[in-house]
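The sequence lines fix the lettering, A, B, ..., with proteins before strands; numbering per chain opens at 1. The basis for the numbers below is simple: all heavy atoms, side chains too, and nothing from hydrogens, waters or symmetry mates. Because the structure is predicted, anything quoted here is derived from the model rather than measured.
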Amino acid sequence: MPTYYFRISGTDPFFTADGVELSNDAVAWEEARSLLRDAEESLQAGEDWTLEVLRDQCPLFRIWLHSEKAGDTLPEGD
Amino acid sequence: MPIDMMIRKVRLHTGLTEEDTAALRSIVSSVRDLGAGTSIIQEGEISSHCCVMLSGFSYRAKVSDGGKRQILSFHIAGDMPDLHGMFLKRMDHDLTTLTQARVGFIDHRALRQVISLRPAVAEALWRETLIDAVLFREWIVSLGTRPAAARMAYLVAELRQRLAAIDMVAEDQFRFPVTQAKLAEALGLSAVHVNRVLQSFRAQGILDIHDSVVTLRDIEKIVEIGGFNELNLQPLESA
């Protein structure tokens, strides 16, 4: 079974240092979707949350959540 | 641990006379040593025996149509996880050992006979199923309202109280040979999310699960995070 690594970037970063053995990429994607619960519980208005899934060393999936709060300075060009 | 000593610890024996206890002991028709992951009884099967956990851990679970397993409860020495099988013959869920376990079996007909002669035993068994329901209600609240960290904290606090009652907690540590995958099935989380919660608890010095041992480093914090209220499991004194 391949080893997958999950990295969450944002205010409270996380990385599965030892990796997780999962049957295949489809299962890894299911795990990634389930991890959205972490954002659901913790995302503060104006913050970002990013999840990367790697198979061995190769990036496989990425989920970006970007949030904005009215009144905060928006980046140029938005 | 000899069967007699274990049976004494069975919670339902609180308030039972020596005679009642002896009657129950006498109808344990067989004792089996089971390996980890052994099915004791499966969903859909007709049950003919109640079992009593004598050592080790087991769990109840249902598998959804989509193939996802939800663990409904963990069971420890002294528990009788399938009492309802006596009245609801066809099992609505699986009962499986989590670890190596010693399990005693009581034939339903023999149990019915004891109950018909000994109302205190009937009451005690009824109380067991009601205590079960207390735990289920808390699990529903956990799955429905608690964030991931709180679900973990609640589970650890609950297990600690139940294991302490049978002297299986020492210096805020207890053995609980559970994988992160199994914790995920119990807590309705992904295995990676369980990993994240445990990493975070370890870093904060709150809780550690390592090599089958759960170490509660900050009990107050665990109880607070989990929203745990000491379970009211003891019967009131009889009127």
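- Residues Glu41(A) and Pro147(B) share a closest heavy-atom pair of OE2-CA, 3.2 Å.
- Residue-environment remark: NZ (Lys89(B)) exceeds the threshold of 12 foreign heavy atoms within 6.0 Å.
- More than 12 non-hydrogen atoms from other residues, nucleotides or ligands lie less than 6.0 angstrom from CD of Glu47(A).
- Residue contact with chain B, scored on non-hydrogen atoms closer than 4.5 Å, involves the backbone and the side chain of Asp12(A) alike.
- Counted within 6.0 Å of CG on Asp18(A), heavy atoms from surrounding residues, nucleotides or ligands total 12 or fewer; the atom is thus considered open.
- Heavy atoms closer than 4.5 Å to chain B are found in the side chain of Ile8(A), but not in its backbone.
- When all heavy atoms of Asp38(A) and Arg196(B) are compared, the pair lying nearest together is OD1-NE, 2.8 Å.
- With rounding to the nearest 0.5 angstrom, the OG atom of Ser190(B) is 10.5 Å from the CD atom of Glu30(A).
- Contacts between Tyr4(A) and chain B at a heavy-atom distance below 4.5 Å are absent for every atom of the residue.
- Of all heavy-atom pairs between Leu189(B) and Arg37(A), the closest is CD2-CD, 3.5 Å.
- In this structure, the side chains of Asn195(B) and Phe14(A) come closer than 4.5 Å at one or more pairs of heavy atoms.
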